[in-house]
Amino acid sequence: MRYSESFIYTLKEDQKEAAIVSHNLLLRGGFISKLASGIYNYLPLGLRVIRKVSEIVREEMNAAGALEILMAAIQPAELWIESGRWNDYGKELLRIKDRGDRDFVFGPTHEEVVTDIVRKYAKSYKDLPFNLYQIQTKFRDEVRPRFGLMRGREFIMKDAYSFDADENGMDISYLKMRDAYYNIFRRCGLAFRSVEADTGSIGGKDSEEFMVLSKTGEDEIVVCDKCDYSANVERAESITKDEKGEELKLKKVETPNKQTIKDVCEFLNADERFSAKALVYKNEEGKIFCFFIEGDDELNEIKAARVTGSVELVMLSDEELKDAGLEKGYIGPINFPNKDIEVICDKRLENRNNLVVGANEEGYHYIGAKLHRDFECDKIADLREVKENELCPRCKQGKLKRIRGIEVGHIFKLGLKYSKAMKAEFLDKNGKTQPFYMGCYGIGIGRTAQAAIEQNHDEKGIIWPISIAPFEIEIVSLDTRDDGIRYYCDMLYDDMINNGFDVLYDERDERAGVKLNDMDLIGIPIRVVVGKKNFHSNKVEVSLRKNRDEKELVDIDAVFEYVMNLREQLYKELENIREA
RNA sequence: CGGGGUGUAGCGCAGUUUGGUUAGCGCACCUGCCUUGGGAGCAGGGGGUCGGUGGUUCAAAUCCACUCACCCCGACCA
């Protein structure tokens, strides 16, 4: 593409609306433009990147045996009612009506539609397994869109759905996708890691998220420094060294005006780890739960929601606590005052021989309390948030670290959830009707592109991995009025284009600084600069975006080959990128 | 949805506290000259009615009310 014939508009100044580098650079480089909150237009440069990422995804999906389809973006409400998600999905689901007042949704995901397609056609075990995927625009009416393409409301996603005859088959399909994902993110030049994940509202059994490691990531993940254990904090577990403590007699003590765990423990001269604090939540149906965890632990709300089978948990207000008959600051598990509230204890409490707990009476606590001796609860579960440096639950030796990541992909084993709800069935060898075992696999295309910038940039701009750069090579002509230089540049450009390479040729009548700075901002990996300075000695300058200090003067006749080698080398480097 | 903040030209901003001529600056854009290896210079020029609506006033970007949009922090997801 010749620059003068392109549609590239760069900005010198940082964009106010961008809170993170990658968003700022996408805007400044003229890759995207905002239309509304969380809704963006892809300009030529941005679209090229989206296409590059999509193509890598497509190649790897196809290589894994998946079949590309394209489903309708607008879906009838009936399917969502059938799956039960018309109610469960909530406000994030964009609902629209047609002229006949019939309900539709703009698809945020396609489990329902794909299941509907499959149940119509695939009737025999002989058809299985298969995996259908698409790359398509989705819409989720996020409460808080932010960071450009990172969390848009309208976004491009690759979603794949596997169908198998049995659980074993599903596991194999899942592993195939897992492999494909490793290939995809590696080819995109990203430092990433796959982590155990919570399944969230989509439901299902196992699931893993693919995280691009970045300080600005919205997700926190826990990794072991010895083995390959890694998990989203939402689900991470750990081994803690438990001291049981001395077994003491239960005793009620006065604790006037001491409501927080810290105050109480200080007052009683007790270790916070030997106390149980109460956290009271209600779920979407208004059902109330009281969780007891150790005084210095944090409740992991995701785990808590899963244990209670809730979609969402909200903390009770002071007033609601009072209405429930609970004494704020003094809530304890002994003689718990409200039988309608489910009481759940963190499993760590089982290991303590003496605990400080509230007495359900203003101004009093118990000391020396012990689970199963002095009190019982409805459930015991893992409720706590993992802390840094605790022991790895897998190798039992490494220490856990908390780092941040950007979730660019997510794979799930769905099992029978949708096939049962929507009666998607086939006949097995014995002529028996069976529901499909399903899996679903997503990749955020735009998010992946932006994550690449977050990971690869400097103060001048983007440093694209060659595989997803809008162009692989740029030719900058610094003396556009010199006939010899123009003739040479035109030739070189034509040569490269005719050989199928992606080249941006800057032949604008601008000063050198303007052109070079624009190119640095846009971030094209290989740069060829042709100017008087070297051209008269039959040389041009070639350099890489990622290392501008190493400029090579190449003989004008050898440039084509030199650049082709560089290009090949850059692609090869991607193959060597390891999982972070 | 709760909390905080911002809306003045395509982008970045000043002006608003204390109402008062044709609303200003930088970048970008157009014309000409000049310049051409890291965002040049000179001269000339086009573009906004100050997010919207209503009000107060002789007079509103500026004061008041309502409203909309956007951004940031929290609970959800690719």
Side-chain angles (χ1 to χ4, degrees), chain A residues 9-20 23-24 27-28 30 33-39 53 57 89-93 108-109 135-160 181 197-202 207 209-212 218-219 232 234 281 301-302 305 311-315 317 406-412 440-451 460-461 476-482 485 508-521 527 529-535 540-541 548 551:
Chain A
Y9 297 95
T10 58
L11 298 167
K12 284 185 189 167
E13 272 158 312
D14 287 341
Q15 295 305 289
K16 206 176 118 199
E17 68 172 83
I20 58 175
H23 186 196
N24 187 231
L27 256 10
R28 281 189 51 207
S33 90
K34 189 175 74 180
L35 185 62
S37 180
I39 301 177
V53 176
V57 168
Y89 213 92
K91 283 192 181 162
E92 218 173 89
L93 184 62
T109 176
I135 295 173
Q136 189 210 34
T137 296
K138 302 275 191 274
F139 194 94
R140 294 184 189 173
D141 206 351
E142 293 274 351
V143 193
R144 189 152 113 71
R146 61 187 133 168
F147 304 148
L149 303 183
M150 214 62 112
R151 175 180 300 276
R153 291 193 291 171
E154 184 180 303
F155 61 101
I156 300 172
M157 173 164 132
K158 186 283 301 179
D159 47 327
Y181 275 41
D198 184 65
T199 50
S201 65
I202 296 181
S207 105
E209 289 165 334
F210 286 76
M211 296 284 187
V212 169
E218 293 186 85
D219 285 272
N232 195 308
E234 294 170 352
Y281 284 81
E301 293 186 11
I302 306 283
V311 175
E312 195 184 22
L313 290 175
V314 192
M315 234 175 176
S317 66
I406 299 163
E407 184 191 345
V408 290
H410 200 162
I411 57 178
F412 292 90
C440 80
Y441 318 92
I443 290 180
I445 303 290
R447 190 183 276 187
T448 300
Q450 193 173 334
K460 295 230 128 193
V476 185
S477 166
L478 292 183
D479 296 279
T480 48
R481 285 175 221 162
D482 181 306
I485 289 178
R508 289 177 297 170
D509 189 16
E510 288 282 355
R511 314 189 100 239
V514 174
K515 292 195 266 203
L516 297 176
N517 280 309
D518 272 344
M519 288 301 194
D520 283 349
L521 175 61
R527 186 180 79 185
V529 174
V530 185
K532 276 195 189 121
K533 199 167 94 183
N534 300 310
F535 193 72
V540 303
E541 174 204 290
R548 277 284 186 257
K551 294 174 183 139

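The figures here come from the full heavy-atom set of this structure, side chains too, leaving out hydrogens, waters and symmetry mates. Every value quoted in this text rests on a predicted model; they were computed, and no experiment measured them.
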How far does the [atom1] atom of [N] sit from the matching atom of [M], given to the nearest Å?
N     : M     : atom1 : answer
B:A60 : B:U16 : C1'   : 10 Å
B:G45 : B:G51 : P     : 28 Å
B:G52 : B:A61 : C1'   : 14 Å
B:U57 : B:U67 : P     : 23 Å
B:G48 : B:A28 : C1'   : 15 Å
B:G24 : B:C29 : P     : 22 Å
B:G46 : B:G54 : P     : 32 Å
B:A9  : B:G15 : C1'   : 15 Å

Whole-Å distance separating the [atom1] atom of [X] from the [atom2] atom of [N]:
X        : N     : atom1 : atom2 : answer
A:Asn232 : B:C76 : CG    : C1'   : 12 Å
A:Met150 : B:C72 : CE    : P     : 12 Å
A:Asp141 : B:C1  : CG    : C1'   : 13 Å
A:Asp509 : B:A40 : CG    : C1'   : 13 Å
A:Arg151 : B:C76 : CZ    : P     : 10 Å
A:Ile411 : B:A78 : CD1   : P     : 12 Å
A:Leu11  : B:C13 : CG    : C1'   : 15 Å
A:Asp518 : B:G38 : CG    : P     : 15 Å

Counting only distance, no hydrogens or angles, is the base of [N] paired donor-acceptor with the side chain of [X] under 3.5 Å?
X        : N     : answer
A:Asp479 : B:G37 : no
A:Asp14  : B:G12 : no
A:Arg144 : B:C77 : no
A:Arg527 : B:G38 : yes
A:Arg146 : B:C70 : no

With the criterion set at under 5.5 Å between ring centres and under 30 degrees between planes, would B:A78 be stacked on A:Phe155? yes
Can you see if the side chain of A:Ser37 gets near the phosphate of B:C71 - specifically, an N or O under 4.0 Å from OP1 or OP2? yes
Toward the 5' end of RNA chain B, which comes first, A:Thr10 or A:Gly442, by nearest nucleotide? A:Thr10
Given RNA chain B, 5'-ward residue of the pair A:Arg447 and A:Lys91, judged by closest heavy atom: A:Lys91
Which nucleotide in the set [options] lies at the smallest distance from any side-chain heavy atom of [X]?
X        : options             : result
A:Glu13  : B:C11, B:C70, B:A78 : B:C11
A:Gln15  : B:C76, B:C27, B:C11 : B:C11
A:Asn534 : B:C70, B:A40, B:G37 : B:G37
A:Val514 : B:G38, B:C76, B:G39 : B:G39
A:Glu17  : B:G12, B:C71, B:G38 : B:C71
A:Lys551 : B:A78, B:G38, B:C77 : B:G38
A:Phe147 : B:G38, B:C72, B:G39 : B:C72

Under 4.0 angstrom, heavy atoms only, what part of the nucleic acid is [X] near: base, sugar-phosphate, or nothing?
X        : value
A:Val143 : base
A:Gly409 : sugar-phosphate
A:Gly90  : nothing
A:Val476 : nothing
A:Ile302 : sugar-phosphate
A:Ile443 : nothing

Pairwise side-chain contact, [X] with [Y], heavy-atom cut-off 4.5 Å (strictly under):
X        : Y        : value
A:Lys34  : A:Gln15  : no
A:Met211 : A:Asn232 : yes
A:Thr480 : A:Glu510 : no
A:Arg548 : A:Asp520 : yes
A:Lys515 : A:Arg508 : yes
A:Lys158 : A:Ile445 : yes
A:Tyr89  : A:Thr109 : yes
A:Glu154 : A:Thr137 : yes

With both distances kept under 3.5 Å, what pairs with [N], Watson-Crick or G-U wobble?
N     : answer
B:C50 : none
B:C70 : B:G5
B:G12 : B:C25
B:U56 : none

side-chain contact (heavy atoms from CB on, under 4.5 Å), paired with A:Arg447, selected from A:Ile406, A:Ile156, A:Leu149: A:Ile406
Measure the spacing between NE2 of A:His410 and CD1 of A:Ile443 and express it to the nearest 0.5 Å. 12.5 Å
So if I define the base as every atom that isn't primed, P, OP1 or OP2, how would nucleotides 3-8 of chain B read as a B/S/- string at a heavy-atom cutoff under 4.0 Å? ---S--
Below 4.0 angstrom, N of the basic side chain to O of the carboxylate: do A:Glu541 and A:Lys533 qualify? no
